[in-house]
Undergrad: 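Here it is, the structure, as structure tokens.
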Amino acid sequence: MNTNVRVRFAPSPTGYLHIGGLRTALYNFLFARHNNGKFILRIEDTDQSRYVENAENDIIESLEWCGIKIDEGPHAPGDYGPYRQSERKDIYRKYAELLIEKEMAYYAFDTTEELDQMRERLQKSGNPSPKYDSITRQSMKNSLTLPNDDVQKLLDSGTEFVIRLKVPRRETIRFEDLIRGHVSFESKGLDDQVLLKSDGMPTYHLANVVDDHLMNISHVIRGEEWLPSTPKHILLYNAFGWDVPQMAHLPLIMSPAGGKLSKRNAETDGIPINTKDYRELHYEPEALINFLAYLGWSPGDDSEIHSVDELCRLFTLDRVSKGGAVFNHKKLLWYNDHYLREQSNHHLAARVKAIAGEGKMKDADTDFMASVIGLVKERVSKLDEITEMAAFFFEDPDHYDEDAIKKWKDDSPKLVSHYRERIEELPEEQFEAATLKHILEEVIKEQGVGFGKLMMPLRIAVTGQGFGPDLFTSMELIGKTSVISRIDSAIKKIG
RNA sequence: GCCGCGUUCGUCUAGGGGUCUAGGACGCCGCCCUUUCACGGCGGUAGCACGGGUUCGAAUCCCGUACGCGGUACCA
């Protein structure tokens with residue numbers, strides 16, 4: 001096994017950490033851990049026009065929330081920094097110029113307008129995707145067509161320029177993708193990619209190759225959207241005379257509506273798109289991670305539940321699938337309720353209190369809250385649902401559920417009143433589930449009715465709902481005084 | 001349009017020539033449990049995109065077709 005595995009997650013800070021990006025990070029992390037390697041975070045902030053202030057922090061916090069630990073990155077010093085590309089600007093320029101020396105790249109002075117004109121002209125003559133390539137570059141303004149003196153003059157006068165990769169005219173570029181196997185591209189389909197922009201910043205293509213080499217990256221594991229630009233990267237590695245890292249292109253995460261999971265088509269399906277949204281909506285990070293791990297990968301057995309540590313042990317790239325995977329929100333919820341139930345009542349009690357709004361729930365006794373949670377936790381799939389489901393333990397019902405109220409019949413007030421009389425006689429310390437149940441049994445016997453005839457109206461009176469946890473245990477928890485006053489107001493309000 | 005990558009139940013997947021009348025999970029449906037709603041247990045529904053090869057034998061290998069997705073920027 002390779003002992004020098006170094007992989008990187010290289011997001012651009014143009015927004016919050018996308019759920020697809022999170023999975024890419026996760027696979028990189030799992031791969032690194034599985035192979036005793038390093039997981040590196042590199043911030044690809046070379047597009048200054050798209051920079052978003054808080055993005056970098058969000059990326060780091062989101063990864064941390066998920067239990068993905070960064071070995072090297074902007075806030076985790078290592079031997080290969082800096083880990084922000086904007087801070088490496090000079091490096092790229094040096095390497096771009098090296099390429100010019102090697103005649104693998106050239107200066108180009110074309111303005112945006114000239115580029116547009118070229119594309120328009122070519123499009124008119126029937127070329128649907130005009131490229132700046134080995135043919136068109138001959139009629140453009142660059143150091144290949146201009147006399148050396150003119151080039152020097154332009155450079156000296158501070159004229160804006162870019163550096164472009166000189167893509168060979170006819171060459172087949174092949175590489176072995178760890179997930180897809182043999183992949184090949186013809187160079188004639190590639191354009192002379194800009195490597196260094198006119199603002200002096202590198203494009204992704206240059207920066208990524210230079211950094212992966214300088215940072216000693218062994219495996220490039222990234223989304224499939226990068227597959228078509230990989231031949232350009234191979235060309236660059238070859239031009240520099242560097243070894244090409246192992247490549248692995250991950251299948252995309254798709255929206256149920258089809259297409260790459262994006263803000264527009266995912267949120268209409270109720271799928272949060274940013275990792276931060278999952279945190280704010282109180283999803284369990286373990287569930288998200290477990291779910292995401294299985295979106296495009298499986299260990300090959302029938303298992304479904306694994307902790308991050310187990311995933312590290314199990315994860316291998318050869319078990320990553322090739323086809324895109326549709327995000328299945330229901331399954332995420334299934335994972336979520338699994339991880340929720342795994343937690344102790346007391347632990348959950350503290351968490352619920354922390355997220356509860358101002359009110360009795362926030363100030364509740366933790367032991368009491370834990371008992372309540374024991375009753376409701378198997379009925380919810382997300383933490384915040386507990387606050388809704390458990391509300392009646394803390395507050396008297398302020399309204400009665402419409403569907404439930406249909407079970408409140410003409411004889412309900414009478415039956416409920418009988419029960420009320422009986423439990424009122426109970427001393428506080430005997431206000432217990434078993435006793436409460438026993439009394440109900442006696443009442444229905446005396447009245448000659450079935451269980452449900454009293455049960456449902458009682459439930460509605462006490463909880464306001466037609467469903468919920470065991471009523472007797474619930475009443476015990478709510479307490480005698482409150483239960484009786486709830487019965488009284490139900491009889492008054494519903495009739 | 002061109003280039004590339006894909007295609008097993010609705011969804012995520014197992015499967016790498018015979019053990020596949022294709023296995024698991026989510027979902028859905030039914031039954032059981034039950035004071036309700038859940039949990040749980042049991043059972044069920046549903047799939048190898050299509051057409052050609054190769055082979056004694058193909059979900060598995062090859063070639064087409066269709067469909068899907070991605071790319072086609074001085075964005076990543």
Side-chain angles (χ1 to χ4, degrees), chain A residues 10-14 21 44-47 49-50 108 110-112 115 119 123 126-132 160-164 177 179-181 183-186 188-191 193-205 207-208 222-231 249 251-252 254 256 258-260 291 294-305 319 321-335 337 341 375-381 389 404 407 437 440-441 444 450-456 458-460 463 465-472:
Chain A
S12 73
T14 53
E44 308 231 330
D45 54 350
T46 54
D47 185 353
S49 65
R50 293 207 302 161
D110 317 276
T111 62
T112 314
L115 253 20
R119 295 201 176 98
Q123 242 156 7
N127 184 340
S129 58
K131 282 186 288 289
Y132 200 118
E160 286 206 337
F161 67 89
V162 300
I163 293 178
R164 283 182 183 271
D177 188 281
I179 293 168
R180 279 146 224 290
V183 182
S184 76
F185 289 84
E186 296 300 325
K188 69 167 191 259
L190 272 27
D191 65 353
Q193 187 64 55
V194 169
L195 301 175
L196 201 73
K197 300 185 270 191
S198 56
D199 65 357
M201 278 293 201
T203 57
Y204 170 84
H205 307 285
N208 145 272
R222 78 232 295 192
E224 195 186 352
E225 72 268 28
W226 293 109
L227 194 55
S229 47
T230 304
H249 289 91
L252 265 18
M254 316 292 279
K260 189 158 74 162
F291 168 72
Y294 271 75
L295 210 54
W297 170 87
S298 90
D301 54 23
D302 288 343
S303 65
E304 299 282 343
I305 305 288
R319 299 212 57 87
S321 35
K322 299 179 171 84
V326 176
F327 192 103
N328 186 178
H329 193 241
K330 284 236 174 92
K331 186 147 190 182
L332 204 211
L333 252 18
W334 175 76
Y335 273 114
D337 66 48
R341 272 171 223 150
L375 290 180
V376 301
K377 89 169 156 181
E378 64 209 18
R379 278 155 236 272
V380 300
S381 54
M389 181 135 302
K407 304 272 185 180
K437 183 173 188 183
L440 185 131
E441 280 159 352
I444 59 166
F451 222 90
K453 290 292 261 181
L454 175 49
M455 198 71 201
M456 275 317 280
L458 189 58
R459 177 180 286 286
I460 294 162
T463 73
Q465 299 167 332
F467 57 89
D470 179 76
L471 186 57
F472 304 106

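Keep in mind that what you see is a predicted model, and the values were worked out from it rather than measured.
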Undergrad: A:Glu224 has a side chain; which of B:C26, B:C5, B:C74 sits nearest to it?
TA: B:C5

Undergrad: Between B:A38, B:G24, B:U13, which one does the side chain of A:Arg379 approach most closely?
TA: B:A38

Undergrad: Going by the angle between their ring planes, with limits at 30° and 60°, are A:Phe327 and A:His329 parallel, tilted or perpendicular?
TA: parallel

Undergrad: Among B:G40, B:G10, B:C74, which nucleotide has an atom closest to any side-chain atom of A:Arg341?
TA: B:G40

Undergrad: Please report the distance separating the C1' of B:C33 from the corresponding atom of B:A22, rounded so that it comes out in whole Å.
TA: 33 Å

Undergrad: Would you indicate which nucleotide in B:C5, B:G71, B:A76 comes nearest to any side-chain atom of A:Thr46?
TA: B:A76

Undergrad: From the set B:C69, B:A76, B:G4, return the single nucleotide nearest to any side-chain atom of A:Met254.
TA: B:C69

Undergrad: Return the nearest nucleotide to the side chain of A:Pro228; candidates are B:C26, B:A76, B:G71.
TA: B:G71

Undergrad: Taking only the side-chain heavy atoms of A:Ser12 (C-beta and beyond), determine which of B:A76, B:G27, B:C12 contains the nearest atom.
TA: B:A76

Undergrad: Once hydrogens and angles are ignored, does a donor-acceptor distance under 3.5 Å link the base of B:C2 to the side chain of A:Ser129?
TA: no

Undergrad: Mind checking A:Ser298 for me? I need base, sugar-phosphate or nothing, with any heavy atom below 4.0 Å counting as a touch.
TA: sugar-phosphate

Undergrad: Name the closest nucleotide to the A:Lys322 side chain, picking from B:A76, B:C26, B:U7.
TA: B:U7

